[in-house]
**Student:** 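Right, I'll just put the structure down here and ask away after.
Proteins get letters first, then strands, A, B, ... in listed order; numbering begins at 1 in each.
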Protein chains: 2
Amino acid sequence: MENNAELRFDLGDKTPRPLKRQFSRLMGMTAAQVSKVAQEALNAVGANKFHFVVLATLHQFGPSSQAAIADRTGIYRSDLVAVINTLEEGGYARRGPDPADKRRNVITMTEAGTRRFTELDGILAEVHEHVMAPLGEDEREQLFSLLTRVNAHLAGD
Amino acid sequence: MENNAELRFDLGDKTPRPLKRQFSRLMGMTAAQVSKVAQEALNAVGANKFHFVVLATLHQFGPSSQAAIADRTGIYRSDLVAVINTLEEGGYARRGPDPADKRRNVITMTEAGTRRFTELDGILAEVHEHVMAPLGEDEREQLFSLLTRVNAHLAGD
DNA sequence: ATACATCGTTAGTGGCACTAACGCAATGAG
DNA sequence: CTCATTGCGTTAGTGCCACTAACGATGTAT
């Protein structure tokens, strides 16, 4: 995995002090690092995060409409078209009409898709290990919990 | 400040469980929320984060070349041109030649720039208060510290 | 029959991270 | 003194991604 040195938040004396206390800057830079690590790992096997997200949704909810997948994942319906196209081309999902409602497609995960999901899940577990390596188990849970509360708050709780 | 509900990480039963344990997804969504809150607050006074970053650099280091500012802030030299253009147009900075080296410009903060920096710093302090509202003081320090350690690790420490 | 909403798709827009290349200038080696 | 290399700032892009608008087909309610 490549080095994310250019996204280092604190460059010692080189970084102006007002920037060092900017949580938004810290969040932005660290999220960009984490995103790059995950993206590179997934790209290495010809996947991206949207593939994982859609496969995870099908894995849990079974065959679903595109609108339902978009609703559960936050992926825009317009963007989801291409994601499903590439999953279909890879043999991981099938797109078919919904007999009950001609407006809808039903997206079904294939067995290859199930295996792909497991593969990507494993890759992301490794990414997680790498990203979280400097933290102990309690600290990992703490970080996750604190971020989750901030997220919920900003979402309007 | 607008509601960031569409970036809610955990939608209860609606969110597939594998996504709920993805730290990279949590980081990405929360960073996007925080970024939007900060951006909207800054945009409301005709600024953006790059203005703040450059003014913070000039505030601490005094008159500097564009290359030095780029080096200290991580802003690409090609992108810095427009940031300095708008600071100059706003009367917050002055761009002039360096007598010692004609290759270089020297960017100098004006008094209006100093006031602007103080204004933006105050706005970002309010943003910080809003973002961190659900956490106690210890938790805020903890979150900051944990993220800083992850960032340093991914930067190659 | 009609108005409205849903679904999926296409066709964009704008911002941003990022790179390449250019002209001018400075520096160091030979 | 000449020349190659590097530095500086700018222009001109590229590609990705978050996001929106609009369309045609379809379903529903009145």
**Student:** Roughly, in whole Å, what's the span from CG in B/Leu7 to P in D/dC17?
**Tutor:**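 Result: 16 Å.
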**Student:** Could you check how far CG of A/Asn85 sits from P of C/dG8, rounded to whole Å?
**Tutor:**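 The distance from CG of A/Asn85 to P of C/dG8 comes to 13 Å, rounded to the nearest Å.
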**Student:** Under 4.0 Å from any atom of DNA chain C, heavy atoms only: list the residues of residues 18-27 of chain A that qualify, in numerical order.
**Tutor:** none
**Student:** Out of curiosity, B/Ser65 OG to B/Arg77 CZ, how far, rounded to the nearest 0.5 Å?
**Tutor:** 10.0 Å
**Student:** Return the minimal non-hydrogen interatomic distance between B/Phe61 and A/Pro16, and the atom names on each side.
**Tutor:**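 That closest heavy-atom pairing would be CE1-CG, 3.8 Å.
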**Student:** At their closest point, which heavy atom of B/Gln66 faces which heavy atom of B/Leu80, and how far apart are they?
**Tutor:**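 For B/Gln66 versus B/Leu80, the nearest heavy atoms are O-CD2, 3.2 Å.
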**Student:** For A/Leu42 and D/dC16, give me the distance from atom CG to atom C1', rounded to whole Å.
**Tutor:**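 Those two atoms, CG and C1', are 16 Å apart.
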**Student:** Are any of B/Lys49's side-chain N or O atoms less than 4.0 Å away from OP1 or OP2 of C/dA17?
**Tutor:** yes
**Student:** As a test of reading the structure: which of C/dA26, D/dG27, D/dC19 is closest to the side chain of A/Arg103, going by heavy atoms?
**Tutor:** D/dG27
**Student:** Can you identify which nucleotide, out of D/dG27, D/dT10, D/dC19, has its nearest atom closest to the A/Tyr76 side chain?
**Tutor:** D/dC19
**Student:** From the set C/dA11, D/dT26, C/dA17, return the single nucleotide nearest to any side-chain atom of A/Ser78.
**Tutor:** C/dA11
**Student:** What is the distance from CD of A/Glu40 to P of C/dC18, rounded to the nearest Å?
**Tutor:**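 To the nearest whole Å, that distance equals 11 Å.
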**Student:** D/dC8 C1' sits how many Å from B/Arg72 CZ, rounded?
**Tutor:**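 After rounding, the gap between these two atoms is 15 Å.
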**Student:** Under 4.0 Å between a side-chain nitrogen and a carboxylate oxygen: does that hold for B/Arg21 and A/Asp121?
**Tutor:** yes
**Student:** Separation of B/Asn105 atom CG from C/dA25 atom P, in whole Å?
**Tutor:** 12 Å
**Student:** If you pin A/Arg104 and B/Pro99 to their nearest nucleotides in DNA chain C, which one's is more 5'?
**Tutor:**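 Mapping each residue to its closest nucleotide by heavy atoms, the 5'-most match is A/Arg104.
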**Student:** Taking A/Asp10 first and then A/Arg25, would you say they form a salt bridge - that is, a charged N and a carboxylate O separated by under 4.0 Å?
**Tutor:**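 Here A/Asp10 does not pair with A/Arg25 in a salt bridge, since their nearest N and O are not under 4.0 Å apart.
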**Student:** If the threshold is 4.0 Å, N to carboxylate O, is there a salt bridge linking A/Asp157 and B/Arg8?
**Tutor:** yes
**Student:** Just the rounded figure in Å: distance from C1' of D/dA18 to CD1 of A/Ile75.
**Tutor:** 12 Å
**Student:** Tell me which nucleotide among D/dT11, C/dA25, D/dA18 gets nearest to the side chain of B/Lys102.
**Tutor:** C/dA25
**Student:** Which of parallel (below 30°), tilted (30 to 60°) and perpendicular (above 60°) describes B/Phe144 and A/Phe23?
**Tutor:** tilted
**Student:** Pick the nucleotide of DNA chain D nearest each of A/Ala100 and A/Asp79; which residue has the one closer to the 5' end?
**Tutor:**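 So the residue in question is A/Asp79.
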**Student:** In this structure, are over 12 heavy atoms from other groups packed under 6.0 Å from A/Glu6 atom CD?
**Tutor:**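 Yes.
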**Student:** What are the two closest non-hydrogen atoms of A/Leu55 and A/Arg116, and how far apart are they?
**Tutor:**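 The pair with the smallest heavy-atom distance is CD1-CG, 3.7 Å.
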**Student:** Any residue in residues 58-68 of chain B with a heavy atom nearer than 4.0 angstrom to DNA chain D? Just list them by number, or reply none.
**Tutor:** B/Ser65, B/Gln66, B/Ala67
**Student:** Round to a whole Å and report the spacing from CG of B/Leu80 to P of C/dC16.
**Tutor:**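 Rounded to whole Å, this separation is 15 Å.
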**Student:** Do A/Arg77 side-chain and C/dG8 base share a donor-acceptor contact under 3.5 Å?
**Tutor:** yes
**Student:** Under a 4.5 Å side-chain heavy-atom rule over Ile, Leu, Val, Met, Phe, Trp and Tyr, are A/Val54 and A/Val106 clustered together?
**Tutor:** no
